Engineer: 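My questions will all concern the structure given below.
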Protein chains: 2
Amino acid sequence: MPDSADTPPYRPLREQIAEKMREGILLGDFPPGSSLPERETSAELGVSRTPFREAMGILSKEGLVTIRPARSPIVANPTVHELTDLLTVQAALEALAGELACETGSREDFEQVAGHHETMLMISDTAPALEFFKADMAFHSAVVAATGNAALMEIHAQNNARLWRVRFLTSSTRYDRDRVLQQHGRIAQTLQNRDKVGASSTLREHLKDAVEKISRIYAKQDGSADHSGATRLNNHNEEEI
Amino acid sequence: MPDSADTPPYRPLREQIAEKMREGILLGDFPPGSSLPERETSAELGVSRTPFREAMGILSKEGLVTIRPARSPIVANPTVHELTDLLTVQAALEALAGELACETGSREDFEQVAGHHETMLMISDTAPALEFFKADMAFHSAVVAATGNAALMEIHAQNNARLWRVRFLTSSTRYDRDRVLQQHGRIAQTLQNRDKVGASSTLREHLKDAVEKISRIYAKQDGSADHSGATRLNNHNEEEI
DNA sequence: GCAAGTATTTTGGTATACCAAGTCTCAAAA
DNA sequence: TTTTGAGACTTGGTATACCAAAATACTTGC
């Protein structure tokens, strides 16, 4: 795995591997639950086990792979219940972000947010699912970035990585993009007005919508034989991505 | 590093090392900012570099050490500003925990919380700082545990590890233990009453107290030559622990 | 035919060797 | 005396070898 272009910053192999694997996992090349034997997988990447193992360590901290003692690492395969729990946390964090941003955000920060919103309005009619989804994520990250709270940004980003897959698989279809855009518009507005409670509650509701949507989508198969909420994502639409 | 006692569960060396180092860092054996050269430090532990490096990876994910490419790992030395930012996040998470616990917590969960509170009341007059502090942390963890939200528990625990040092260094002296106990009593009460807004706001205020206390304690030296909030913990009271 | 136990193989865990980037030192030139 | 650059040395990065635990397959006895 030669470093593709410049080399000036020098990135350790482990990070390059982690990035490649992360991409592969998020894009579904390595489906949830599949195992990643060290020798085989590292050989495919053309690297030795050592940096590969370190890369697995990085991805496990991000929640994308699970590593168990004396067993092959596997691509994380969280239950829907675990994911909605995490999304509930993320909702609270974004609500906090709304508050803090109103208190300390700069005009430039809000323009960033507004910029992302306008982009989404622009591409809404034409963009494929993945592009629209990425723009959606970028909008939310911009809101968090407006707080200037590094810890909040870090935790939020990490949670988003874990949520990437569900959120994409359940992301808005063409038909309810309008609803998302409307909520985003309200969020951008309340921020610019420095309306703490407005921003906070709007963000919270926006994410609560997502939680309910996920629960609804995965509710049926859960009802048949399994009431424990142990449904997993890879039970369906592997084709999406 | 022989495994001290039982060995049945088989814990990988990396985890044993991580635990030992974590303890050493939290207790101040390895002061913030100090470097941890791989050969030397691993040799002191009687292990090779490989599992030591993996342990460093674990601790870096917990925010206790910082690893930079091609340089020795160093014990994390966050600024007071970064820590108050993180504590602000933690406050929001505990407020969320209060809400969720009121909704879904079981009677046993609340009894756990109350139990920790009673322990603190009991030892308040006699316990040394470290013991009282640990009981305090346990109380808060119990509140979060009462939600049954695994993601919340995980993130909360990780934040607590990062905050351990500041929170201990600025933890309540004998003279304001009463204030802490009073607030804890109110928290336990609101939970048992399933008073969502009460629990949430009380927890938030309780943590906001901590943020202000830290800011106050570190305000002076910050004023002299440095208005950037870049004050670091190891500037004083290394003797505490 | 089935089950339990054992041997074999596979695979993660750890140690070690080697490489390359970083740093430090000291000498030589300005 | 100061600065700078070359070389030695230190230290993290990576590859490989070896060890031990799991998993698997096979055999043997019921």
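Letters A, B, ... mirror the listed sequences (proteins, then strands); counts begin at 1. Here the structure is a predicted model, which means the values were calculated and not measured.
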Engineer: Can you measure Leu36(A) atom CG to dT11(C) atom C1' for me and round it to whole angstrom units?
Structural biologist: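 Value for this atom pair: 13 Å.
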Engineer: Which nucleotide wins on minimum distance to the side chain of Pro51(B), given the candidates dT11(C), dA15(C), dC18(C)?
Structural biologist: dA15(C)
Engineer: Whole-Å distance between dT14(D) C1' and Phe52(B) CZ?
Structural biologist: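 So the CZ-C1' distance, Phe52(B) to dT14(D), works out to 18 Å.
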Engineer: Expressed as a whole number of angstroms, how long is the span from Glu38(B):CD to dA15(C):P?
Structural biologist: 14 Å
Engineer: Starting at atom CZ of Arg49(B), determine the distance to atom P of dC18(C), rounded to an integer number of angstrom.
Structural biologist: 14 Å
Engineer: Please classify the nucleic acid contact of Arg14(B) as base, sugar-phosphate, or nothing, using heavy-atom distances under 4.0 Å.
Structural biologist: sugar-phosphate
Engineer: Nearest-Å distance, CD (Glu40(B)) to P (dT11(D))?
Structural biologist: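 Atom-to-atom, Glu40(B) to dT11(D), this comes out as 8 Å.
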Engineer: Assess whether one donor atom and one acceptor atom, taken from the side chain of Arg71(B) and the base of dG22(C), lie less than 3.5 Å apart.
Structural biologist: no
Engineer: Evaluate whether atom CD of Gln112(A) has more than 12 neighbouring non-hydrogen atoms of other residues, nucleotides or ligands under 6.0 angstrom away.
Structural biologist: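 Result for CD/Gln112(A): open.
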Engineer: According to the side chain to side chain donor-acceptor pair (under 3.5 Å) rule, which pairs have a member within residues 129-149 of chain B, sequence neighbours left out?
Structural biologist: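 Sorted result for residues 129-149 of chain B: Glu94(B)-His140(B), Asp136(B)-His140(B), Asp136(B)-His184(B), His140(B)-His184(B), His140(B)-His206(B).
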Engineer: Please state how far atom CG in Leu13(A) lies from atom C1' in dC18(C), giving the value in whole angstrom units.
Structural biologist: 15 Å
Engineer: Whole angstroms only, please: what is the CD-P distance between Glu15(A) and dT14(D)?
Structural biologist: 9 Å
Engineer: Side chain of Thr50(B) only, please: which of dT14(C), dT14(D), dG12(C) is the nearest?
Structural biologist: dT14(C)
Engineer: I need the CZ-P distance between Arg39(B) and dT16(C), as an integer number of Å.
Structural biologist: 12 Å
